[in-house]
2 protein chains.
Amino acid sequence: MAVNLDDVDWAIIRELQREARISLSELGRRVSLSPSATTERVRQLETTGVIAGYHAVVDLAKVGYPVLAVVRLKYPGNHHQPLRRLLAERREILECLRTTGDDCYTLKVAATSMEHLEKLMDELAGFGSTTTSVVYSQTLPYRGPERP
Amino acid sequence: MAVNLDDVDWAIIRELQREARISLSELGRRVSLSPSATTERVRQLETTGVIAGYHAVVDLAKVGYPVLAVVRLKYPGNHHQPLRRLLAERREILECLRTTGDDCYTLKVAATSMEHLEKLMDELAGFGSTTTSVVYSQTLPYRGPERP
DNA sequence: CCTGAAATACTTCAAAA
DNA sequence: TTTTGAAGTATTTCAGG
């Protein structure tokens with residue numbers, strides 16, 4: 001499943017994780033590679049799926065979602081289709097991890113207000129017992145993995 | 001704290017959340033705005049902090065981190081400095097949310113193996129009692145907020 | 001916010017090492 | 001695989017409206 005990556009690949013990954021909108025020429029400069037070689041490397045990383053995408057990250061509070069919560073969901077049985085449907089519809093659910101342990105799902109949910117969060121929790125409560133924690137703060141800037 | 005955003009701003013945010021590496025001209029085409037107006041809008045979104053950054057997202061398994069875990073940390077007292085230091089050093093900790101509730105912190109941790117995860121947990125256990133759930137799968141593609 | 005023009009930068013390709 | 005250099009294209013920026 002893993003892909004062989006050399007120093008240059010990792011340098012490229014590091015730069016693009018930090019600043020995804022630089023040009024391929026600028027990227028080449030930073031990793032000491034010619035523009036054409038850089039282009040080829042990046043294309044390779046993209047087609048092999050090492051790089052899955054490039055995304056702008058927005059400040060949730062500033063776009064109107066001042067409330068962020070982590071929700072753990074105990075989901076008995078294995079009729080997961082209805083939950084999948086909810087995930088597709090409710091775009092306030094930003095992330096959903098299926099995990100081992102008693103709480104089968106861990107969700108990250110953005111809400112415009114506590115009232116909004118309450119409504120979302122009501123929807124989720126239909127699927128199983130939930131545990132909700134409101135997020136005070138994100139204590140780390142965005143980060144990706146480094147070379148192991 | 002929130003910023004006033006109109007339809008065009010939201011269209012820009014939507015496009016850049018999906019595909020951060022498109023040019024400003026291409027972005028302008030997609031949101032029906034001239035290149036110069038688009039540039040000005042994006043600059044505004046960046047300087048007001050609405051857009052916090054642009055990041056490549058990598059496939060953790062493909063870069064050598066096949067194990068992902070959610071760790072909840074019960075952290076008694078309020079000597080948070082040592083934890084901050086660990087967060088800065090251990091780059092395997094990709095995310096750290098401080099939350100309400102019994103578990104003060106929720107972490108997302110990437111590991112190269114279960115042995116690696118075990119070592120990380122030993123380090124974290126020094127700070128308080130932990131609850132670890134290994135992630136089977138991420139059930140959603142990357143997503144950001146939409147217009148409320 | 002648009003247009004248009006000028007300057008710059010970028011991407012792509014072929015050839016060669 | 002990478003570099004170089006050239007050609008074509010696209011982008012960015014800025015002034016004027």
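It should be emphasised that the depicted structure is a prediction, and the values quoted were computed from it without experimental measurement. Chain identifiers are assigned alphabetically (A, B, ...) following the order of the sequence lines, protein sequences preceding nucleic acid strands; residue numbering begins at 1 within each chain.
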B/Glu46 with B/Arg43: basic N within carboxylate O range, under 4.0 Å = no

Could you tell me from which nucleotide to which nucleotide of DNA chain D, 5' to 3', there is an atom under 4.0 Å from chain B heavy atoms?
-> D/dT11 to D/dC14

Kindly say whether the aromatic ring centers of A/Tyr105 and A/His80 come within a distance under 6.0 Å.
-> yes

salt_bridge(B/Asp7, B/Arg147) N-O dist < 4.0 Å | yes

Residues two or more places apart in sequence or in another chain: which of them pass side chain to side chain contact (heavy atoms under 4.5 Å, CB included) with A/Gln44?
-> A/Glu40, A/Thr47, A/Thr48

Contact residues, residues 14-23 of chain A to DNA chain C [heavy atom, < 4.0 Å] | A/Ser23

Nearest-nucleotide 5' precedence on DNA chain C, B/Val8 against A/Pro35 | B/Val8

Which residues satisfy the salt bridge (charged side-chain N to carboxylate O under 4.0 Å, His left out) test with B/Arg90, sequence neighbours excluded?
-> B/Glu92, B/Glu123

Polar side-chain atom of B/Gln17 near backbone of B/Pro145 as donor-acceptor pair, under 3.5 Å | yes

With sequence neighbours excluded, tell me which residues meet salt bridge (charged side-chain N to carboxylate O under 4.0 Å, His left out) with A/Asp59.
-> none

End axis versus end axis in the helix from C/dC1-D/dG17 to C/dA17-D/dT1, the angle rounded to 10°, five pairs used at each terminus = 40°

Hey, is A/Arg21 close enough to A/Glu26 for a salt bridge, meaning N to O under 4.0 Å?
-> no

Do NZ/NE/NH1/NH2 and the carboxylate oxygens of B/Asp9 and B/Arg14 come within less than 4.0 Å?
-> no

Listed by chain and number, what are the side chain to side chain contact (heavy atoms under 4.5 Å, CB included) partners of A/Cys104, not counting sequence neighbours?
-> A/Tyr75

List in numerical order all residues of residues 37-59 of chain B for which some heavy atom is under 4.0 Å away from an atom belonging to DNA chain C.
-> B/Ala37, B/Arg41

Between OG1 on residue A/Thr38 and CD1 on residue A/Ile12, distance to nearest 0.5 Å | 6.0 Å

Just jot down the side chain to side chain contact (heavy atoms under 4.5 Å, CB included) partners of B/Met114, sequence neighbours excluded, or say none.
-> B/Val67, B/Leu117, B/Val134

First and last nucleotide of DNA chain C, 5' to 3', lying under 4.0 Å from heavy atoms of chain B | C/dC1 to C/dT3

Not counting sequence neighbours, list each pair that qualifies as a ring-ring contact (aromatic ring centres under 6.0 Å, His included) and has a residue in residues 23-61 of chain A.
-> A/His55-B/Tyr142

Taking the side chain from A/Tyr65 and the backbone from B/Glu146, do they hold a donor-acceptor pair closer than 3.5 Å?
-> yes

Under the side chain to side chain contact (heavy atoms under 4.5 Å, CB included) rule, collect the residues that match up with A/Glu19, sequence neighbours excluded.
-> A/Ile22, A/Arg30

